[in-house]
Amino acid sequence: MPDDLYSALDPGIRDIVRLLHGAGFVTTDSGDGVTKPPDERTFDVPHVVCRVDDHQRLIKEAFRLWRTLPVGWRVEANFCPHDRVALLVAEYLPGGEARTDDAPPEATDTVC
């Protein structure tokens, strides 16, 4: 993404979007949860939404995103079978239910 397009992003999320683009993620929405007026926000916390082109890789990509983001981020994987849209939603939740330094034992790259 050219630098002028990054400048259009909320200032509090630009570095995260750059990080994710550098890691090969395709972002579709982002925000820092404070820059826009409340009625124009998707979330009231920093967030990024990423598209996953191959829905069969959704779980692997969720773990990859989770490992790429700094501590404090929570990742959710969403899939709609009707149109086969697979999305990852990451929210920054300091002190809440979020990533810690270590993956839980069940956090593997194996898709069930």
Side-chain angles (χ1 to χ4, degrees):
M1 176 182 277
D3 283 339
D4 61 325
L5 293 179
Y6 283 109
S7 67
L9 300 176
D10 290 355
I13 202 67
R14 284 183 197 138
D15 288 343
I16 292 294
V17 172
R18 283 181 197 268
L19 170 73
L20 297 181
H21 287 173
F25 290 98
V26 177
T27 59
T28 62
D29 183 49
S30 65
D32 63 12
V34 294
T35 298
K36 295 179 187 79
D39 60 330
E40 295 180 21
R41 296 180 197 158
T42 305
F43 295 92
D44 289 330
V45 296
H47 72 281
V48 179
V49 178
C50 300
R51 184 182 75 233
V52 177
D53 291 327
D54 179 359
H55 69 278
Q56 294 180 349
R57 294 190 45 82
L58 184 62
I59 302 302
K60 286 185 178 188
E61 288 297 285
F63 278 116
R64 189 170 77 86
L65 177 60
W66 183 75
R67 287 186 201 104
T68 301
L69 289 165
V71 170
W73 286 81
R74 177 179 69 174
V75 174
E76 294 181 13
N78 298 287
F79 175 66
C80 179
H82 176 73
D83 55 13
R84 296 183 179 237
V85 171
L87 297 174
L88 300 173
V89 179
E91 300 172 280
Y92 182 68
L93 301 172
E97 178 190 337
R99 177 182 169 213
T100 58
D101 287 328
D102 296 313
E106 66 274 10
T108 69
D109 287 332
T110 303
V111 175
C112 300

Exercise for the section: Compare all side-chain heavy atoms of L20 with those of L69 and state whether any distance is below 4.5 angstrom. Expected result: yes
Which pair of heavy atoms, one from [X] and one from [Y], lies closest together, and at what distance?
X	Y	answer
K36	E40	CD-O, 3.6 Å
W73	A90	CZ3-O, 3.6 Å
D32	G12	OD2-N, 3.1 Å

Rounded distance [0.5 Å steps], [atom1] in [X] versus [atom2] in [Y]:
X	Y	atom1	atom2	result
E91	D44	CD	CG	10.5 Å
R84	D54	CZ	CG	10.5 Å
L65	T27	CG	OG1	11.0 Å

Handout entry: hydrophobic_cluster_shared for L5 and I16, side chain cutoff 4.5 Å
Key = yes
Handout entry: Chi angles and distances behind the side-chain contact (heavy atoms from CB on, under 4.5 Å) call for S30, L9
Key = CA-CA 8 Å; S30 65; L9 300 176; 3.8 Å; yes
Exercise for the section: Starting from the C-alpha separation in whole Å, work towards a yes-or-no answer on side-chain contact (heavy atoms from CB on, under 4.5 Å) for V89 and D29. Expected result: CA-CA 9 Å; V89 179; D29 183 49; over 6 Å; no
Problem - Any donor-acceptor N/O pair, R41 side chain to G31 backbone, under 3.5 Å - result: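 Not a single qualifying donor-acceptor pair exists.
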Problem - R14 (side chain) donor-acceptor with Y6 (main chain) under 3.5 angstrom - result: yes
Practice task
Could you check whether the rings of F63 and W66 sit parallel, tilted or perpendicular, using 30° and 60° as the cut-offs?
Solution key: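 Rings of F63 and W66: perpendicular, as their planes differ by over 60°.
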Problem - Derivation of the side-chain contact (heavy atoms from CB on, under 4.5 Å) call for H21 and R18 - result: CA-CA 5 Å; H21 287 173; R18 283 181 197 268; 5.8 Å; no
Practice task
Any chance you could lay out the side-chain contact (heavy atoms from CB on, under 4.5 Å) test for L87 and L58, step after step, and finish with the verdict?
Solution key: CA-CA 8 Å; L87 297 174; L58 184 62; over 6 Å; no
Would you give me the side-chain donor-acceptor pairs under 3.5 Å for residues 75-83, sequence neighbours excluded?
| from | atom 1 | to | atom 2 | distance (Å) |
| --- | --- | --- | --- | --- |
| E76 | OE2 | R74 | NH2 | 3.2 |
| D83 | OD1 | V85 | N | 3.2 |

